[in-house]
Amino acid sequence: VSSMGDRGTSNHSEVTDFILVGFRVGPELHILLFLLFLLVYAMILLGNIGMMTIIMTDPRLNTPMYFFLGNLSFIDLFYSSVIAPKAISNFWTESKSISFAGCVAQLFLFALFIVAEGFLLAAMAYDRFIAICNPLLYSVHMSTRLCAQL
C-alpha cells in the first residue's frame, strides 16, 4: 500500500525559470522597440536624477513640498529600474527567460515601491491639507522632523 506522501514514487517538477514571451512582433522591430524603450528609460533616469539634484542643491527648495517631491523622484527612479532593464534586455538577447529567484525579487521590489509610493502620496496629501487648511500654522505643523517621520 503506497501513501500519497511517498516522495519516491510521486510525480513532481520544480520551476527554475520562466520564459518571457513579450511582444509578438517580427525580429526587425525588436531593434526599434529596444531603442524606444531605452530612450524612454533614459529619459526617466535623467528626469528623476535631475529633479533630485536640483532639489538637493538649491537652498530655496528646502521646503516640505520639495522634500516629498525629491523622495517621489527617488522612489520613481527605483520603481522604473526594477522592471525596465530586464524588459530592455529581452529585446536584445535571444534568451528571453528569467530565473525564479529573479522573478520573485522583481515582484517583491515592484510591490515594495508601489506601497512606498502610496504612503508617500498620502504624506504629500497631508502636507497639502495642512498648507491649505492652516496656512498661518503651516510652518509650525510641518517641521523638518515631521517630514522625516512621514
Side-chain angles (χ1 to χ4, degrees), residues 1-131 142-150:
V1 176
S2 67
S3 68
M4 293 292 262
D6 187 15
R7 290 237 182 234
T9 60
S10 67
N11 185 11
H12 69 284
S13 61
E14 190 174 302
V15 176
T16 58
D17 59 348
F18 298 107
I19 297 172
L20 303 172
V21 178
F23 295 112
R24 295 194 183 266
V25 295
E28 65 277 356
L29 287 178
H30 279 205
I31 294 174
L32 178 66
L33 287 173
F34 170 78
L35 292 174
L36 180 68
F37 274 57
L38 186 63
L39 178 70
V40 169
Y41 183 59
M43 295 303 289
I44 289 170
L45 290 178
L46 286 172
N48 286 319
I49 291 172
M51 188 179 297
M52 289 187 305
T53 304
I54 290 170
I55 290 171
M56 286 190 291
T57 57
D58 192 350
R60 293 175 295 173
L61 301 179
N62 288 335
T63 62
M65 181 178 69
Y66 288 106
F67 172 77
F68 290 130
L69 283 176
N71 285 321
L72 188 63
S73 292
F74 181 77
I75 288 175
D76 189 45
L77 178 73
F78 286 104
Y79 183 82
S80 58
S81 295
V82 170
I83 294 178
K86 184 63 179 171
I88 290 170
S89 70
N90 280 343
F91 288 120
W92 194 256
T93 61
E94 289 296 321
S95 171
K96 299 189 184 326
S97 63
I98 186 170
S99 67
F100 181 73
C103 183
V104 169
Q106 266 192 349
L107 179 65
F108 172 75
L109 290 172
F110 192 72
L112 176 76
F113 289 123
I114 286 175
V115 170
E117 187 174 13
F119 280 118
L120 184 60
L121 290 173
M124 290 174 77
Y126 178 72
D127 173 60
R128 292 295 88 200
F129 172 76
I130 296 296
M142 290 304 293
S143 63
T144 307
R145 182 172 167 250
L146 181 61
C147 288
Q149 287 175 345
L150 287 174

On a heavy-atom basis, which atom in [X] and which in [Y] lie closest, and how many Å separate them?
{"X": "F110", "Y": "V82", "answer": "N-CG1, 4.0 Å"}
{"X": "L77", "Y": "M52", "answer": "CD2-CE, 3.9 Å"}
{"X": "G102", "Y": "S99", "answer": "N-OG, 3.0 Å"}
{"X": "G70", "Y": "I55", "answer": "N-CD1, 3.6 Å"}
{"X": "P64", "Y": "D127", "answer": "CB-OD1, 3.7 Å"}

Enumerate donor-acceptor pairs with a distance under 3.5 Å from any side-chain N or O in residues 39-49 to protein atoms, sequence neighbours excluded.
residue : atom : partner : partner atom : Å
Y41     : OH   : S81     : OG           : 2.8
N48     : ND2  : I44     : O            : 3.1
N48     : ND2  : D76     : OD2          : 3.0

Hey, could you give me the [atom1]/[atom2] distance between [X] and [Y], rounded to the nearest 0.5 Å?
{"X": "L112", "Y": "L107", "atom1": "CG", "atom2": "CG", "result": "11.0 Å"}
{"X": "F113", "Y": "S80", "atom1": "CZ", "atom2": "OG", "result": "9.5 Å"}
{"X": "F37", "Y": "S89", "atom1": "CZ", "atom2": "OG", "result": "12.0 Å"}
{"X": "F34", "Y": "L29", "atom1": "CZ", "atom2": "CG", "result": "15.0 Å"}
{"X": "T63", "Y": "F68", "atom1": "OG1", "atom2": "CZ", "result": "10.0 Å"}

Whether over 12 other heavy atoms sit under 6.0 Å from [X] [atom1]:
{"X": "M51", "atom1": "CE", "result": "no"}
{"X": "I31", "atom1": "CD1", "result": "no"}
{"X": "Y66", "atom1": "OH", "result": "no"}

In chain order, what residues pass the salt bridge (Lys or Arg N to Asp or Glu O under 4.0 Å) check against R145, with sequence neighbours excluded?
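Salt bridge (Lys or Arg N to Asp or Glu O under 4.0 Å) check on R145 returns nothing, list empty.
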Backbone N or O of S97 within a donor-acceptor pair of the K86 side chain at under 3.5 Å?
yes
Hey, are the side chains of L61 and D58 touching, using non-hydrogen atoms and a 4.5 Å cut-off?
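Yes - at least one pair of side-chain heavy atoms lies under 4.5 Å apart.
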Taking the side chain as everything from C-beta on, heavy atoms only, tell me whether I83 gets closer than 4.5 Å to L109.
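No, every pair of side-chain atoms sits at 4.5 Å or beyond.
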Go through the steps for M142 and L150 under the test side chain to side chain contact (heavy atoms under 4.5 Å, CB included), then give the verdict.
CA-CA 10 Å; M142 290 304 293; L150 287 174; 4.0 Å; yes
